[in-house]
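One structure is given below, encoded as structure tokens.
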Amino acid sequence: MNLPDYIEARKRTKAKVEIEHYSNEIKNIGNGKTYHIKTYGCQMNEHDSENIKAILEELGFTYNDNYLTSDLILLNTCSIRENAHNKAFGMLGRLKHLKSTRPNLIVGLCGCMAQEEGVVKELLDKYKWVNFVFGTHNLHRLPYILKKALDNNVSEIEVFSKEGNIIEGMPVKRDSKYKAYVNIIYGCDKFCTYCIVPFTRGGQRSRLKEDIIAEVNELIKEGYMEVTLLGQNVNAYGKDLNLGYGMEELLEEVSKTNIPRIRFVTSHPWDFTDGMIDCIARHENIMPAIHLPVQSGSNKILKLMGRRYSREDYLTLFSKMKERIPNVSISTDIIVGFPGEDEQDFKDTLDLVEKCKFDNAFTFIYSKRENTAAAKLKDNTSLEDKEKRLYELNKVVNKYFLENNQKLIGQIVPVLVEGISDKKNELYGYTDTNKLINFKGSVSNIGKIVPVKVTAAKTWSLDGEQDE
Ligand code: 5AD
Ligand code: SF4
């Protein structure tokens, strides 16, 4: 049994990260069995689930859309806020019931929650019936962990506190035939004071540029139209490698592969250089859509959050992007109710939103995470006041989503068509600026980039007609 240890997880070393190639000698343990995965949280988790699905299928398992009748159920969990925790524990409650009626059911838990000391203690204490647990650093060990869990009748827990090597060549079963996630950097070294990610995902480790380019070229051969370069802080790409290249050089080379669309998430304003902005502006296949979390508009709160920039720095960067990248859409993340946030700090956030008029924003109430620096700060604001702030903030951000969308009415925008919309007889896809659009058009265009005329705007989507 290997349990997570937060003191170890916090440590950062200069030890060289090695590259290992995925290998697995275990075969057929899933023959005749079905599996179901529930994925919570961010794109990183979604992409991990794409690896896990492929590993399970190589072992002989087949996918079952209905968890109630699956032989194996795996929860790929998220730690970012308490409600993500609650969802996973709620699901475990349902699975306990299911397991009491089907004792042979195999239940596993992985992802960020598995990296938390407190969670694993609770699993050992109250959820002994969970068959296996593994963390974010050892997905590649799944066949071995699963085999042990199937062979022995005790819960198999293998969580590494330290990140270890980069594993290349993991099998992958992608959810989309047109859009693909490509990891470029794992972990995060920023330690923003509210954030659990540096503990659950470990230290910053960049993949080699040539491995990333090889993956993109492979995707092009398979007919993919879009890649999203993934990392907790993509702008720090390359800093840990000391090979003389960073995010700007990577973007430049990915652009040269001629994949039609390139996106990247998530960006920390601190590491966003002028060179990157110019690179995005220069290349038509780098999409003019940037997710740039601001978190707060108050300098006092930004400092307490350990964000390393001021609202003025953010506004300067924001204006540069708007000036240099034609039609750029900028989205953000905002937290309200951080410890110490008073009415004036909140007004500063509203004021920043009024200035930036974001195209999209994910807004959250601060959630205290075990072991983070902010967990020690005094929090005087009532939940009721925090909810009021969130409500007020959402009213303002929504107003600008709609206003920005309305500006597109009458324009012809390029759309990567992804499939048939929930509404009958319509297709859906995303514009270059990452806006969802439902439109009337020919099914033969699914998987292609086509011009669509915007006919109407809503807060979270556009309507259109294919431009013949
Ligand atoms: N509480 C609330 N929101 C958080 N985020 C990260 N940690 C917390 C927390 N403890 C938000 C940030 C981040 C996004 C992915 O989640 O806004 O950008
Ligand atoms: Fe968390 Fe992002 Fe800050 Fe890293 S940069 S600590 S992932 S909020």
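Because the structure is predicted, anything quoted here is derived from the model rather than measured. Counting convention: from 1, in listed order, for ligands and their atoms alike.
The residue Thr266 has no part lying near ligand 1, judged by heavy-atom distances below 4.0 Å. Residue Tyr194 touches ligand 1 through backbone and side chain together, judged by heavy-atom distances below 4.0 Å.
Of the polar atoms of Arg81, at least one N or O is found under 3.5 Å from an N or O of ligand 1, judged by distance alone. Residue contacts with ligand 1: Lys368 is placed with no nitrogen or oxygen under 3.5 Å of a nitrogen or oxygen of the ligand (distance criterion only). Inclusion of Arg369 in the set of residues having an N or O under 3.5 Å from an N or O of ligand 1 is not warranted.
Close approach to Phe364 involves these atoms of ligand 1, each under 4.0 Å from a residue heavy atom: 3 (N), 11 (C), 14 (C), 16 (O), 17 (O). Heavy-atom proximity to Gln295, at under 4.0 Å, picks out these atoms of ligand 1: 12 (C), 13 (C), 17 (O), 18 (O). The distance from ligand 1 to the heavy atoms of Ile335 drops below 4.0 Å at these ligand atoms: 3 (N), 4 (C), 5 (N), 12 (C), 17 (O). Contact atoms of ligand 1 toward Tyr366: 1 (N), 2 (C) (distance under 4.0 Å to a heavy atom of the residue).
Not a single heavy atom of Thr372 sits under 4.0 Å from any atom of ligand 1.
Of the candidates Asp351, Asn299, Asp348, Arg311 forms a side chain to side chain donor-acceptor pair (under 3.5 Å) with just one, namely Asp351.
Contact check on Asp432 versus Arg261 returns no salt bridge, with no Lys/Arg side-chain nitrogen under 4.0 Å from an Asp/Glu carboxylate oxygen. For Glu343 and Arg389, the salt-bridge test passes: some basic side-chain N is under 4.0 Å from an acidic carboxylate O. Salt-bridge check for Glu403 with Lys357: failed, with every basic side-chain N at 4.0 Å or more from each acidic carboxylate O.
Among residue pairs with one or both ends in residues 372-384, those qualifying as salt bridge (Lys or Arg N to Asp or Glu O under 4.0 Å) are Asp379-Lys386; sequence neighbours excluded. Within the structure, ring pair (Phe, Tyr, Trp, His ring centres under 6.0 Å) pairs that include any residue of residues 163-186 do not occur (at least two apart or interchain).
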Discussion item. Between His268 and Gln232, does the side-chain hydrogen bond (donor to acceptor under 3.5 Å, both in side chains) criterion hold? Intermediate values first, please.
Written reply: CA-CA 9 Å; His268 189 298; Gln232 307 298 344; over 6 Å; no
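Of the candidates Ser367, Ser79, Cys192, Cys195, the one placing a heavy atom closest to atom 10 (N) of ligand 1 is Ser367.
A cation-pi arrangement, defined by a distance under 6.0 Å to the six-membered ring centre and an angle within 45 degrees of its axis, is absent between Lys388 and Phe346.
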